[in-house]
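Each remark here refers to the structure printed beneath this line.
Each chain gets a letter, A, B and so on, in the order its sequence line appears, and its residues count up from 1.
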2 protein chains.
Amino acid sequence: MFRSHTCGELRIADISKSVTLAGWVQTVRKFGSITFVDLRDRYGITQLLFNESLNHLLDANPLGREFVLQVKGIVNERSNKNSNLPTGDIEILVNEFSILNKSITPPFTIQDDTDGGDDLRMKYRFLDLRRNAVKRNLELRYAVGRSTRNYLHENNFMDIETPFLIKSTPEGARDFVVPSRMNAGQFYALPQSPQTFKQLLMVSGYDRYYQIVKCFRDEDLRADRQPEFTQIDCEMSFVEQEDILQMFEGLVRRIFKDVKNIDYTDVIERMTWTNAMWTYGNDKPDIRFNMQLCNLKYPTHTFSDKPVIENLINGADFKVFDEAETVIAIAVPGCAAYTRKQTDDLTEWVKRPQIGMKGLVFIKCNEDGTFKSSVDKFYNEEKLKAIAEAAHAKAGDLILIVAGAEERTRKAASDLRMYMGTTLGLRKANDFKLLWVLDFPLFEYAEEENRWVARHHPFTSPKPSDIDTMINNEPSIANPAEYLKHPYANIKANAYDMVLNGNEIGGGSIRIFQKDLQQKMFAALGMDEHEQQHKFGFLLGAFEYGAPPHGGIAFGFDRLCSILGGSESIRDFIAFPKNNSGRDVMIDAPSTIDEKQFDELQIKLDIKEK
Amino acid sequence: MFRSHTCGELRIADISKSVTLAGWVQTVRKFGSITFVDLRDRYGITQLLFNESLNHLLDANPLGREFVLQVKGIVNERSNKNSNLPTGDIEILVNEFSILNKSITPPFTIQDDTDGGDDLRMKYRFLDLRRNAVKRNLELRYAVGRSTRNYLHENNFMDIETPFLIKSTPEGARDFVVPSRMNAGQFYALPQSPQTFKQLLMVSGYDRYYQIVKCFRDEDLRADRQPEFTQIDCEMSFVEQEDILQMFEGLVRRIFKDVKNIDYTDVIERMTWTNAMWTYGNDKPDIRFNMQLCNLKYPTHTFSDKPVIENLINGADFKVFDEAETVIAIAVPGCAAYTRKQTDDLTEWVKRPQIGMKGLVFIKCNEDGTFKSSVDKFYNEEKLKAIAEAAHAKAGDLILIVAGAEERTRKAASDLRMYMGTTLGLRKANDFKLLWVLDFPLFEYAEEENRWVARHHPFTSPKPSDIDTMINNEPSIANPAEYLKHPYANIKANAYDMVLNGNEIGGGSIRIFQKDLQQKMFAALGMDEHEQQHKFGFLLGAFEYGAPPHGGIAFGFDRLCSILGGSESIRDFIAFPKNNSGRDVMIDAPSTIDEKQFDELQIKLDIKEK
């Protein structure tokens with residue numbers, strides 16, 4: 001061993017001990033004939049003192065930043081203690097040293113506030129990983145993994161490895177494929193998730209399975225997506241939805257306790273998908289703050305169970321509202337005094353292409369009970385008051401109203417809510433609010449192909465009360481314009497998402513375990529019998545031999561870690577992430593391969609002209 | 001929840017409780033008007049008693065093998081207890097039941113001694129996994145993994161995930177490659193191991209890393225090789241060989257304790273590679289039994305430090321021995337009385353193509369001190385006695401002697417030793433003997449290319465005392481016939497293998513951490529500077545920024561589990577293994593992919609005529 005202690009462990013009680021340390025040179029400070037060196041390793045920093053007897057050796061072998069150094073010496077009490085460092089009471093009086101390896105000057109400083117930009121840090125990721133900020137993220141990631149494993153173990157889950165070289169069954173996202181040399185002309189696929197394998201394990205009787213496992217999706221990478229990502233993947237047999245919700249509430253509470261030392265004892269809220277869309281405009285609401293959406297006008301088909309607010313805005317000759325499919329208001333607390341500049345900025349914000357609104361209507365709810373709006377010529381004080389009441393605005397609030405086509409407007413209202421939440425500091429990184437979103441639609445309508453697609457995946461069961469509807473109706477859609485009247489449009493899924501601070505951290509469902517229902521589902525998604533057999537024959541086969549009722553969930557491990565770490569970026573929590581083009585710029589991958597490899601795989605390039 | 005208890009937990013203390021169980025029908029036995037059903041789940045088997053009040057329901061809904069059944073009932077004491085079952089004291093008096101799913105007749109019985117052949121069981125792996133024998137293997141695998149994680153955690157190791165989509169740098173085994181859609185014409189490779197990444201983590205200061213991780217090798221599959229396999233992958237900084245040996249002796253002892261409840265307190269033997277080859281004929285000797293090889297004649301270059309046994313066999317006009325490069329004897333204990341049939345069978349055994357010997361010489365060491373051999377006409381009693389002494393044969397032993405070209409003969413002697421060990425019952429599945437094999441040669445000679453190849457991998461450090469030899473000599477081999485005289489032929493590696501019962505379960509090395517030495521190594525392996533930069537520029541770059549001394553080890557997780565489970569086959573310890581053609585016959589992968597996938601990846605098939 002090159003060391004007797006780490007750079008993080010020596011204390012005042014160790015004084016006079018002879019020790020050997022090894023680590024990296026963080027700083028070198030010369031004061032006349034003595035030299036101080038901060039030596040760093042994974043565990044901390046310890047100050048070294050080289051006195052004048054070593055001067056000639058230091059002159060002959062000058063130390064630089066990031067040199068790897070081994071020193072032998074005696075633990076001394078420091079005259080000038082540093083209370084910011086756990087080792088700040090002591091220093092090592094060096095009597096022997098050895099440079100184990102040198103370093104050229106790093107391209108950026110190895111400090112929390114580094115001067116290195118993103119690209120540079122990714123190219124030199126092995127140096128970036130030395131920074132405390134990144135190290136803490138990976139430590140947190142390890143702690144989350146360990147907490148997860150312990151909880152699941154205590155609850156009788158078994159870690160069972162599923163294969164990585166599987167079969168390509170593209171549904172939704174694209175597969176990465178792997179040419180097989182031994183089976184020329186054929187390809188493996190990398191798993192998008194172990195979904196079918198974990199279901200087979202349930203058929204096999206392993207009633208509580210888990211895995212922390214890499215998954216792969218060949219998608220065009222939006223910001224903060226990775227082609228390879230990690231899931232906490234779980235499945236249980238003989239359970240209903242409620243059993244799963246409780247089991248995994250337990251998991252998340254345990255992680256909060258183990259990793260953040262937070263006793264998350266609050267009841268975890270539950271919300272139907274319909275309610276989430278109605279009150280927050282999206283299916284993963286951030287409920288750390290209120291500022292709910294008020295639907296002043298909406299297509300009644302989506303929220304058929306919601307009260308219709310009549311005559312609040314229509315009939316006032318304000319064409320923008322009269323002609324809009326949807327009009328949504330948000331009461332922003334305490335912002336009635338916003339200046340013209342501030343409201344103009346907000347208008348510009350919603351007009352950006354990403355948001356896509358034509359404009360923004362304001363109603364200022366003055367402290368004196370009066371109203372001032374940008375639509376005063378259409379709505380009198382009484383009308384404005386009624387709108388304010390509907391929007392649950394109080395004196396001092398600023399009501400923001402967007403109008404337009406349903407989906408875009410709802411999304412804009414949701415984005416605006418989040419933006420205002422951020423602006424007003426209501427989205428605190430260390431405030432954590434969990435939420436279950438339940439009762440998703442089973443199907444989505446794919447306009448281009450005039451057919452149904454699975455909202456979650458083809459293995460999700462409908463609600464028990466909707467199974468008959470599914471079995472007894474044909475999936476074909478006679479009149480595309482009226483797809484919403486098709487019975488399938490109202491089938492709800494036995495599915496659930498766990499949401500943390502506005503991010504979906506996990507999602508799952510009770511699965512179909514009956515062969516005939518699974519076949520009906522595949523058919524509903526446009527798969528004929530041949531395709532069903534080719535792609536999923538093994539699963540349909542397995543369902544013939546006594547498949548138990550089962551369901552599961554998968555957590556996005558990267559995302560979960562980043563939120564617990566108070567960051568928006570999953571890349572900060574992955575040791576070696578890829579960039580937005582799917583490249584690892586450090587190792588320079590992907591790259592070309594040898595002619596011999598093409599030969600052996602019996603494939604060749606077929607590059608298209610652009 | 002579909003159950004209040006599992007099928008493995010009810011005991012006499014639970015009598016009179018109302019319970020709900022769910023599981024699979026193992027057996028149905030009708031006795032007049034009552035029916036007994038054994039209900040099975042992951043945890044055990046519980047007997048159900050359906051009395052006559054349920055007869056009509058059972059008649060209407062007959063139960064078959066592997067049906068999924070839910071029952072409600074009362075726990076009763078059994079009149080006819082079964083002491084072989086933990087639940088054998090009780091049975092459930094059923095008052096309500098529900099068939100959750102049916103099963104068609106399975107293609108083989110779900111029992112320890114199944115009637116299903118290998119191919120059938122692989123096709124229906126989801127049923128095979130229901131068998132207790134397979135379940136116990138996966139449970140053992142999970143226990144080994146958990147024990148490993150706990151030990152490494154307690155020793156400050158961190159689980160850090162390394163990427164799966166990396167760069168193709170074929171050295172030795174072939175890479176599986178993955179075409180990149182976003183970077184047309186380029187490919188990722190799947191990792192053969194996380195080697196370079198774990199070394200980068202050491203450069204980054206994560207001084208104790210581990211991962212239980214899938215690795216991939218596109219090799220022609222010999223029996224019991226899998227294209228995807230799992231490693232326990234570890235790396236440490238600031239260590240020397242001895243630190244690694246001790247740390248991982250601790251790991252294996254812990255696994256023995258946790259998983260097998262075995263206190264492996266014996267000193268773990270250590271043997272140089274030279275000694276292993278000398279006394280056992282291979283580098284992973286099974287030391288559960290002795291029967292060491294006696295080298296009656298050998299090429300002195302391989303074992304230059306070994307005593308030469310002179311004049312034992314030469315000069316007796318026995319051409320087979322006189323002309324052989326190598327002659328090796330084994331004393332098989334207690335087999336002097338072997339019949340002519342038995343010795344003939346042994347001769348046939350060594351003449352099989354896999355062994356490839358031309359014949360076998362016998363010397364029977366009779367109980368009365370006389371000798372009888374198949375070469376009596378060449379060797380007199382005195383000579384035979386001398387050979388017997390050299391081979392450490394005792395009265396009653398049978399000496400077997402093979403002769404021929406060095407490598408083949410040594411391998412044949414080793415195989416013969418193992419065969420006799422098995423025949424004589426000396427290789428007991430529940431006897432475990434660990435061994436470190438040390439001081440491997442750093443290089444092997446590749447005759448076809450007249451160059452050196454790395455015996456372990458290009459990152460393994462030479463012994464400190466051999467570094468100068470490596471730096472100060474050029475790798476080129478002027479005269480192929482005399483490659484053994486090249487200084488590189490004698491360089492030993494700072495490498496170590498852990499061997500259990502004749503299987504290599506782990507291997508590793510102290511790594512090169514100096515840029516110049518690493519470059520010298522790459523050059524020795526025939527890589528010019530351009531290739532070095534293209535393939536490993538990132539690692540050479542990282543070594544410029546303060547790489548610490550480091551080393552590591554990787555255990556073959558599948559193999560380790562199979563040996564601990566007393567099996568020769570790793571396939572029995574993998575939930576979803578592939579066959580010898582790399583196929584998953586259950587899901588039928590690999591398979592063809594869609595035209596659209598080829599289009600998007602910009603590749604096409606290029607199938608060669610055969």
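- Of the two parts of A:D243, only the side chain, counted from C-beta on, holds a non-hydrogen atom closer than 4.5 Å to a non-hydrogen atom of chain B.
- Of the atoms belonging to A:E219, it is backbone heavy atoms, and not side-chain ones, that fall under 4.5 Å from chain B.
- The candidate from B:R146, B:K596, B:K135, B:Q514 with the greatest count of non-hydrogen atom pairs under 4.5 Å with chain A is B:R146.
- Only the side chain of A:E600 has a heavy atom closer than 4.5 Å to any heavy atom of chain B.
- Atom CD1 of B:I160 sits about 8.0 Å away from atom CG of A:L129, to the nearest 0.5 Å.
- Of all heavy-atom pairs spanning A:Q597 and B:S168, the tightest one is NE2-OG, 2.9 Å.
- Heavy atoms closer than 4.5 Å to chain B are found nowhere in A:I574, neither backbone nor side chain.
- Heavy-atom distances place both the backbone and the side chain of A:S591 under 4.5 Å from chain B.
- The residue among B:F164, B:Y43, B:F538 with the most heavy atom pairs within less than 4.5 Å of chain A is B:F164.
- Evaluation of the ring-ring contact (aromatic ring centres under 6.0 Å, His included) rule for A:F576 yields B:F197 as partners, not counting sequence neighbours.
- Taking B:I244, B:N150, B:V134 one by one and counting their heavy-atom pairs under 4.5 Å with chain A, the maximum is reached by B:N150.
- With hydrogens and angles ignored, the 3.5 Å screen pairs no side-chain donor or acceptor of A:D606 with any backbone N or O of B:F598.
- Only the side chain of B:P549 has a heavy atom closer than 4.5 Å to any heavy atom of chain A.
- With a 4.5 angstrom heavy-atom cutoff, B:L69 does not touch chain A via any of its atoms.
- In this pair, B:Y545 and A:Y124 present their aromatic rings perpendicular. The plane angle is above 60°, beyond the 30 to 60° band.
- When B:N183, B:I587, B:V68, B:D159 are compared by the number of non-hydrogen pairs under 4.5 Å with chain A, B:I587 comes out ahead.
- Proximity to chain B (any heavy atom under 4.5 Å) is restricted, for A:F557, to the side chain, taken from C-beta onward.
- Of all heavy-atom pairs between A:V203 and B:W24, the closest is O-CZ2, 3.8 Å.
- For the residue pair A:Q186 and B:P590, the shortest heavy atom distance occurs at OE1-O, 3.1 Å.
- Taking the six-membered ring where the residue is Trp, A:H153 and B:Y142 present tilted rings, their angle falling between 30° and 60°.
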Subject >> Test log, rule side-chain contact (heavy atoms from CB on, under 4.5 Å), inputs A:F176 and B:L165 >> reply: CA-CA 10 Å; A:F176 280 105; B:L165 296 172; 4.1 Å; yes
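- Rounding to the nearest 0.5 Å gives a distance of 10.0 Å between CE of A:M158 and CZ of B:R141.
- Between chain A and the residues B:E139, B:K515, B:E544, B:R125, the largest count of heavy-atom pairs under 4.5 Å involves B:E544.
- B:Q199 does not touch chain A: none of its heavy atoms, backbone or side chain, sits under 4.5 Å away.
- The CG atom of B:D41 lies 7.0 Å from the CZ atom of A:F238; values are rounded to the nearest 0.5 Å.
- Annotation for B:G546 and A:S103: closest pair N-CB, 3.6 Å, computed over non-hydrogen atoms.
- Contacts between A:R149 and chain B at a heavy-atom distance below 4.5 Å involve backbone atoms as well as side-chain atoms.
- For A:F216, the part sitting under 4.5 Å from any heavy atom of chain B is the side chain, from C-beta outward, and nothing else.
- Rounded to the nearest 0.5 angstrom, A:K604 NZ and B:I607 CD1 are separated by 11.0 Å.
- Here the CD-CD1 distance, from A:E228 to B:I166, works out to 9.5 Å after rounding to the nearest 0.5 Å.
- B:R42 and A:D207 get closest at one heavy-atom pair: NH1-OD1, 3.0 Å.
- For a residue to count as touching a neighbouring chain, one of its non-hydrogen atoms must lie under 4.5 Å from one of that chain's; by this rule A:I110 does not touch chain B.
- Between B:D584 and A:Y188, the side chains place no donor N or O within less than 3.5 Å of an acceptor N or O (distance only, hydrogens not considered).
- Residue A:F67 does not touch chain B at all, counting heavy-atom pairs closer than 4.5 Å.
- Contact annotation for A:M1: both backbone and side-chain heavy atoms come within less than 4.5 Å of a heavy atom of chain B.
- Contacts of A:T105 with chain B are made by backbone atoms alone, with heavy-atom separations under 4.5 Å and no side-chain atom involved.
- B:K167 contributes atom NZ, which lies 8.0 Å from atom OG1 of A:T592 (distance to the nearest 0.5 angstrom).
- Of the two parts of B:L605, the backbone and the side chain both hold a non-hydrogen atom closer than 4.5 Å to a non-hydrogen atom of chain A.
- Between A:L190 and B:L190 there is a side-chain heavy-atom pair separated by less than 4.5 Å.
- A donor-acceptor contact shorter than 3.5 Å links the side chain of A:R181 to the backbone of B:D218.
- Closest of all the heavy-atom pairs between A:I603 and B:F187 is CD1-CE2, 4.0 Å.
- Looking at A:N580, the atoms closer than 4.5 Å to chain B (heavy atoms on both sides) all sit in the backbone: N, CA, C or O.
- Of the atoms belonging to B:K102, it is backbone heavy atoms, and not side-chain ones, that fall under 4.5 Å from chain A.
- Residue A:L138 touches chain B through both its backbone and its side chain, counting heavy-atom pairs closer than 4.5 Å.
- A salt bridge links A:K608 with B:D599: the closest approach of a Lys/Arg side-chain nitrogen to an acidic carboxylate oxygen falls below 4.0 angstrom.
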